[in-house]
Visitor: 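Please find one structure pasted underneath; my questions will follow.
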Amino acid sequence: MRDAYKVLDEITDRDVVVYTSMITRYVQSGDCLVHEAFDVARNMQREGLDPNRVTLVSLLQAAALLQALKEGRMIHGYAIRRGIGCSEEVFETSLMDMYIKCGDPRTAASLFGTIYKRTVGSWNALIAGHLQMGQPLEALQVISIMMRESIRPDLITLANGILCCADLKILQIGKSIHGYIIQSGIQLDHVATTALVDMYSKCNNLVQARILFDRMEKRDVTSYNVMMAGYLQNEFACEAVEAFIEMVGADIKPNVGSILSLLSALSDLKDVRRGKCALGYVIRHELDMNNEISNQFINMYAKCGCVAYARQVFSRIRYRDLLSWTSMMKGYVYHGNADEAVNLFHMMKSEKLEHDSVALISLLQALSQLGCLSLAKEVHSHLYRVHMERETPVINSLITIYAKCGMLDMARNLFEHMTYRCLTSWNSIIAAYGMHGHGIDALKLFERMKRVSVEPDEITFTSILTACSHSGMVEEGLQVYRSMTEEYCIVPREEHYNCMIDLFSRAGRLEEAFDLVKCVPSRQRACALVALLAACRVYGNMEMGEEIGRLILDLEPESSSAYALVSNLFAEGGKWDEVARIRAMVTNRGLKMTAGYSRIELR
DNA sequence: TTAGGGTTAG
């Protein structure tokens, strides 16, 4: 390239064409030499030569590559003054492209209207502009208008269409675009195939995504990252890790995105061992341990129960951003160390960092654990000062904290005055009534929610069933349970079984409860068994109680509370030999019995 | 062409 420049120097009679070809070459050379294009243009002007349309198109491309909006605007202004390229498709499309890549898609969209004869290129630029503005639906509409005007889309149009469908999770249109590509014999390229993999996995069609991924001739970091993200979105963390291993095995160097997805998968799997390996990998391969990656390490360690490691990573970050603070706070909340989370919030404020609604949510969760009503009220009034009173997730957290602190009226009031109620808002208020033993009100809210066409999810049912169980509403609970499985086709999870077992147990229907326990996978059975054991004591069914007691001890031989429960049961039945035997087991295993406590602030 | 902290239950 430099040699070519020397050649130019040697040409004594330089004209616009020579200069323009130099500029074009610099633009095509790649990122590091692009800025030289502007130098050549300046030299050209110094020699009194005026750039022509081709020169300006190349310079616009340079501005787009360098995201140099200022230079791009200057070129645009120059073109207007000299009347170059106005209403010409190629020139206007280059202008649109420049504005979009420089982050000003609005100007690009307004330029579209001035083009006299539009070609696919100009339509594509408009579509790209909408996509960049985060308007995938508008982009799709442009594609359909374009098709109606009988303009044949090219692969770029179609790939952008696929991206829109991925964003909007519209499988049907995505599939029809894929079908159109096959029918019209357009050869799929690497970028379009990657977009298809992304679209199918975002639309939960992982099988099709993997088929396309496997058919790719050459896979790169991006295609692997897309596949990993697909697995993660569909809760296949194990497969995401395998894809990462496969990528490294194929000698493809992971980038920041790959590491972020890997850490996300490992935190889902709670696999701290491989999490530590990931840290080793980042250090060995001198990957930039930037905030993005550090924050994700904090999340991973916290999710795996290693809050101390998370704190170490947090402490080593030189310039902590909002995400670092919130991730660490969330880690503490997750492990019930709410005091430390509140401390962190204060430390963050003392470092003059502005919080956002997400940080406030973590703070509210911590305050909720501490039963700290006064501070929650402070947060509530603060929301109005900073105009966050309409932020649904924060209000949902407030509903929960008010309910947990005994202020059900306040929770209801917040709920009724919300501008927008999402599914979580309904779940929160139903849970609020449930925890106060107002089963009938919870059911009424459930009916109202259905009337306004909000589809309940598994959490809604957990809350409703808990509410029924706390209010002793066995028949209603059974009806809700049936509607969950039959009407809403929700497969009951462990928590639903536990609710039902609790419901039967409290009502003294011990046999039915015991039958249901058998549906829970044995590893997760302990919780249900404890509830049933308590019921056996209340209803004096010592025979079943003893059987359950033995089952609990088999399942949790290291849990001191399990021994306490079983020993109490035998004590009540006067079986002092058994009591002594269990006490001896506790001593032999070196376990200690600890007393429980609860904490709440008085109003 | 990809990727990051969000509310609810138990």
Side-chain angles (χ1 to χ4, degrees), chain A residues 131 156 159-160 162-163 166 188-199 201-202 216 219-230 232-233 240 254-265 267 290-300 302 321-331 333 355-362 364-365 368 391-401 403-404 415 418 421-432 434-435 442 456-467 469 493-499 502 524 527-528 531:
Chain A
L131 259 175
I156 296 173
N160 278 329
I162 296 164
L163 283 181
L188 271 172
D189 66 358
H190 181 74
V191 173
T193 315
T194 311
L196 272 174
V197 174
D198 185 43
M199 185 275 292
S201 53
K202 280 196 179 134
M216 285 177 119
R219 289 176 275 269
D220 62 0
V221 205
T222 310
S223 42
Y224 269 104
N225 285 0
V226 168
M227 201 61 240
M228 283 175 74
L232 273 174
Q233 266 154 19
N255 61 15
V256 179
S258 335
I259 302 290
L260 290 178
S261 291
L262 173 72
L263 291 176
S264 177
S267 50
N290 57 17
N291 274 22
E292 287 177 331
I293 295 202
S294 301
N295 296 342
Q296 196 65 356
F297 267 109
I298 296 176
N299 282 329
M300 186 273 298
D321 57 20
L322 198 52
L323 258 89
S324 325
W325 289 94
T326 355
S327 303
M328 197 59 238
M329 280 176 71
K330 214 174 129 40
V333 171
H355 62 261
D356 64 356
S357 60
V358 184
L360 278 184
I361 287 168
S362 292
L364 281 173
Q365 287 174 324
S368 172
E391 298 235 2
T392 308
V394 193
I395 303 298
N396 295 339
S397 295
L398 266 176
I399 290 176
T400 305
I401 191 169
K404 279 192 178 158
F415 176 79
M418 280 176 98
R421 296 183 195 106
C422 66
L423 173 61
T424 308
S425 320
W426 287 96
N427 287 350
S428 308
I429 194 71
I430 288 173
M435 71 179 88
D457 67 353
E458 59 268 19
I459 295 177
T460 321
F461 284 104
T462 312
S463 304
I464 297 274
L465 292 175
T466 314
S469 135
R493 292 196 192 175
E494 187 203 340
E495 51 267 34
H496 300 120
Y497 286 124
N498 286 344
C499 288
D502 199 49
Q524 290 137 14
C527 199

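Just the heavy atoms: all of them, side chains too, but no hydrogens, waters or symmetry mates, feed the values below. Each chain gets a letter, A, B and so on, in the order its sequence line appears, and its residues count up from 1.
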Visitor: Could you tell me whether Leu322(A) contacts a base, only the sugar-phosphate backbone, or nothing, with contacts defined as non-hydrogen atoms closer than 4.0 Å?
Guide: base
Visitor: NA contact type, Asp356(A), heavy-atom cut-off 4.0 Å: base, sugar-phosphate, or nothing?
Guide: base
Visitor: Is a donor from one side chain sitting under 3.5 angstrom from an acceptor on the other, for Gln296(A) and Asn299(A)?
Guide: yes
Visitor: Counting the atoms with a prime plus P, OP1 and OP2 as sugar-phosphate, which does Ser428(A) contact under 4.0 Å by heavy atoms, base, sugar-phosphate, or nothing?
Guide: sugar-phosphate
Visitor: Between Asn225(A) and Thr222(A), is there a side-chain donor-acceptor contact under 3.5 Å, judged purely by atom types and distance?
Guide: no
Visitor: Checking all strands, does Val226(A) fall into the base, sugar-phosphate, or nothing category for heavy-atom contacts under 4.0 angstrom?
Guide: sugar-phosphate
Visitor: Base, sugar-phosphate, or nothing for Thr222(A), non-hydrogen atoms under 4.0 angstrom?
Guide: base
Visitor: Under 4.5 Å between any side-chain heavy atoms of His496(A) and Thr462(A), yes or no?
Guide: yes
Visitor: May I ask you to say what Ser357(A) touches in the nucleic acid, namely base, sugar-phosphate or nothing, with a heavy-atom cut-off under 4.0 Å?
Guide: base
Visitor: Give one of base, sugar-phosphate or nothing for Gln296(A), where a contact means two heavy atoms less than 4.0 Å apart.
Guide: sugar-phosphate
Visitor: Tell me what Ala195(A) touches on the nucleic acid: a base, only sugar-phosphate, or nothing, going by heavy atoms under 4.0 Å.
Guide: nothing
Visitor: Of all nucleotides in DNA chain B with an atom under 4.0 Å from a non-hydrogen atom of chain A, which is the first and which the last going 5' to 3'?
Guide: dT1(B) to dG10(B)
Visitor: Check whether the side chains of Asn255(A) and Ser258(A) place a donor and an acceptor atom closer than 3.5 Å, and report yes or no.
Guide: yes
Visitor: If a pair satisfies salt bridge (charged side-chain N to carboxylate O under 4.0 Å, His left out) and one of its residues is in residues 456-467 of chain A, list it, with sequence neighbours excluded.
Guide: Glu458(A)-Arg493(A)
Visitor: Which is true for Glu391(A) with a 4.0 Å heavy-atom rule: it touches a base, it touches only sugar-phosphate, or it touches nothing?
Guide: base
Visitor: Working to the nearest 0.5 angstrom, can you tell me the gap between Ile395(A) CD1 and Ser428(A) OG?
Guide: 11.0 Å
